[in-house]
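All remarks here apply to the structure that follows.
Reckoned from all heavy atoms, side chains included, excluding hydrogens, waters and symmetry mates.
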Amino acid sequence: MNILFCGDSNAENGILIAILSLLKNSGSEELHIYILTMYTQSFKKKFSPFSKHAADYLKSLLVEQNPKSTLKLMDCTGLFVREPLVANMSTHFTPYAMLRLYADQIPQLPDKILYLDADVIIRRSLVDFYQQDLTETEFVGVLDYWGRFFFHNLHEHKVFDYVNSGVLLLNLPEIRKTNLFVKIRHLLQIRTVPMPDQSALNHFATKKKIAPRRYNEQYKLQSDTVIQHFTTSFRFWPIFHTLTVKPWQVERVHEILKLHEYDDILTQYLDLKDNLVQN
């Protein structure tokens, strides 16, 4: 199974948790993980790339379970410099969130790869989701929990087709064939877009499949959840407000979400997280 993450040093804790959950639910299956990172800065903030030390440590966890598993840290600075998404560099999303849009330019990536945000926890085996047929399909995703109500593809008369970009099963040959990511990168170079990569992805995609909610649960754990995605959500009681709790905020997961489903993984994370930092 091929898995893709993107991020800077701030993503290291989340990717550790995601990998621990993958290991728990993949048995002896080979995992081939790719992490895209870069050296960059926005107009407001400097960023540190995902460290080689952290990548090496994560690789050791994979190999310990299956010696055939691999992890590759890939520097995409050159790609981003040649084609900077300048109109969206100062949004509240980090530039690293848009690195997945360069996957079609990286020949080392396998044709079929599952992209995951760094704030997901895998709860069950991904085999059924991963092994589905992608013939004439650019990607498979799950409807955005909130966006499905507000964003519709009116020029194609489609409703309830607005996909969340945090879990995407990518067919890179088809994406290259349709120039999907090329079109998205061009748009993000010249126009500021709300929720940049996700909105552009939904605007240009013509060959996407919608998967069941259980493969990207963005609101509340369900009995059949396979992937839980800790996104920012809305709450209406006692007053309307947004709520953001990430997996590495273990106390908030317990106290605010009242969630103990992943205590074994989060306890393991707390025991191991210091190993990500080079002494």
Side-chain angles (χ1 to χ4, degrees), residues 3-25 33 35-37 42 44-51 54-55 57-58 61 91-100 114-124 126 141-142 144-147 163-168 194-198 213-222 225-236 240-277:
I3 308 291
L4 177 65
F5 293 103
C6 302
D8 64 347
S9 59
N10 292 314
E12 292 170 3
N13 287 323
I15 293 177
L16 169 58
I17 293 171
I19 286 178
L20 291 174
S21 68
L22 276 166
L23 289 171
K24 177 183 175 182
N25 291 286
I33 294 180
I35 302 175
L36 307 186
T37 194
S42 69
K44 298 179 180 179
K45 186 178 179 182
K46 292 184 178 180
F47 301 94
S48 299
F50 200 100
S51 77
Y57 178 68
L58 295 174
L61 296 177
T91 68
H92 70 279
F93 296 94
T94 75
Y96 294 84
M98 295 182 280
L99 273 180
R100 75 197 94 171
L114 175 59
Y115 169 80
L116 298 173
D117 271 357
D119 56 353
V120 304
I121 296 182
I122 312 305
R123 184 167 174 262
R124 293 183 177 176
L126 298 177
V142 174
D144 189 85
Y145 185 84
W146 297 106
V163 167
N164 179 275
S165 62
V167 176
L168 297 170
M195 300 188 348
D197 64 300
Q198 181 167 289
R213 172 178 169 177
R214 63 181 176 271
Y215 293 112
N216 183 355
E217 174 54 57
Q218 304 149 51
Y219 186 68
K220 187 177 181 180
L221 179 67
Q222 308 295 318
T225 296
V226 176
I227 303 173
Q228 185 162 2
H229 187 188
F230 291 73
T231 61
T232 296
S233 62
F234 301 107
R235 294 295 187 266
F236 300 92
F240 176 80
H241 62 285
T242 60
L243 178 65
T244 303
V245 179
K246 298 301 183 183
W248 52 90
Q249 298 172 316
V250 178
E251 290 186 5
R252 287 171 58 82
V253 170
H254 291 157
E255 295 173 6
I256 297 176
L257 299 183
K258 311 297 182 185
L259 184 61
H260 291 270
E261 174 75 12
Y262 309 110
D263 279 5
D264 56 341
I265 293 168
L266 296 181
T267 297
Q268 191 179 9
Y269 156 71
L270 292 174
D271 290 339
L272 299 178
K273 67 183 182 72
D274 289 345
N275 294 314
L276 295 173
V277 182

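- Residues that satisfy the side-chain contact (heavy atoms from CB on, under 4.5 Å) test with T225, not counting sequence neighbours, are R123, E217, L221, Q222, Q228.
- The distance from the CG atom of D197 to the CG atom of L99 is 10.5 Å, given to the nearest 0.5 Å.
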Handout entry: Step-by-step side-chain contact (heavy atoms from CB on, under 4.5 Å) determination, V163 to N216
Key = CA-CA 10 Å; V163 167; N216 183 355; over 6 Å; no

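- By the 4.5 Å heavy-atom criterion applied to side chains, F47 and P95 are counted as neighbours.
- Taking 4.5 Å as the limit, every side-chain heavy atom of E12 sits out of range of all side-chain heavy atoms of L58.
- If you take CH2 on W248 and CG on D119, they are separated by 5.5 Å, rounding to the nearest 0.5 Å.
- For the side-chain hydrogen bond (donor to acceptor under 3.5 Å, both in side chains) test, no residue two or more places apart in sequence or in another chain qualifies with S48.
- In summary, of the residues considered (N10, I15, D8), a side chain to side chain contact (heavy atoms under 4.5 Å, CB included) with F50 occurs for I15 alone.
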Handout entry: Stepwise side-chain contact (heavy atoms from CB on, under 4.5 Å) check, Y145 with N164
Key = CA-CA 8 Å; Y145 185 84; N164 179 275; over 6 Å; no

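- A distance of 10.5 Å separates OH in Y219 from OG1 in T231, rounded to the nearest 0.5 Å.
- Qualifying side-chain hydrogen bond (donor to acceptor under 3.5 Å, both in side chains) partners for N275, counting only residues two or more places apart in sequence or in other chains: Y57.
- Side chains of V253 and Y262 form no contact here, defined as non-hydrogen atoms less than 4.5 Å apart.
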Handout entry: CA sep, side-chain torsions, deciding dist, call: I3, L116, side-chain contact (heavy atoms from CB on, under 4.5 Å)
Key = CA-CA 7 Å; I3 308 291; L116 298 173; 3.8 Å; yes

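- Here the straight-line distance linking atom CG of L270 with atom CG of L16 works out to 9.5 Å at 0.5 Å rounding.
- Judged by distance alone, with hydrogens and angles left aside, the side-chain atoms of T37 form a donor-acceptor pair with the main-chain N or O of G7 at under 3.5 Å.
- With sequence neighbours excluded, the residues that form a side-chain contact (heavy atoms from CB on, under 4.5 Å) with Q249 are V245, K246, R252.
- Partners of K273 according to the salt bridge (Lys or Arg N to Asp or Glu O under 4.0 Å) rule, which considers only residues two or more places apart in sequence or in another chain, do not exist here.
- A distance of 9.5 Å separates CG in L168 from CG in L4, rounded to the nearest 0.5 Å.
- Note that CD of Q218 and CG of D144 are 5.0 Å apart. Values are rounded to the nearest 0.5 Å.
- Between I121 and F230, some side-chain heavy-atom pair lies under the 4.5 Å cut-off.
- Listed here is the closest heavy atom pair of A11 and C6: CB-O, 4.4 Å.
- Between the R100 side chain and the S165 main chain, a donor and an acceptor come within less than 3.5 Å of each other.
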Hey, can you pull the donor-acceptor pairs under 3.5 Å for the side chains in residues 17-25, sequence neighbours left out?
{"unit_1": "S21", "atom_1": "OG", "unit_2": "I17", "atom_2": "O", "d": "3.4"}
{"unit_1": "S21", "atom_1": "OG", "unit_2": "A18", "atom_2": "O", "d": "2.7"}
{"unit_1": "S21", "atom_1": "OG", "unit_2": "I122", "atom_2": "N", "d": "2.9"}
{"unit_1": "K24", "atom_1": "NZ", "unit_2": "D264", "atom_2": "OD2", "d": "2.7"}
{"unit_1": "N25", "atom_1": "ND2", "unit_2": "S21", "atom_2": "O", "d": "2.9"}
{"unit_1": "N25", "atom_1": "ND2", "unit_2": "I122", "atom_2": "O", "d": "3.0"}

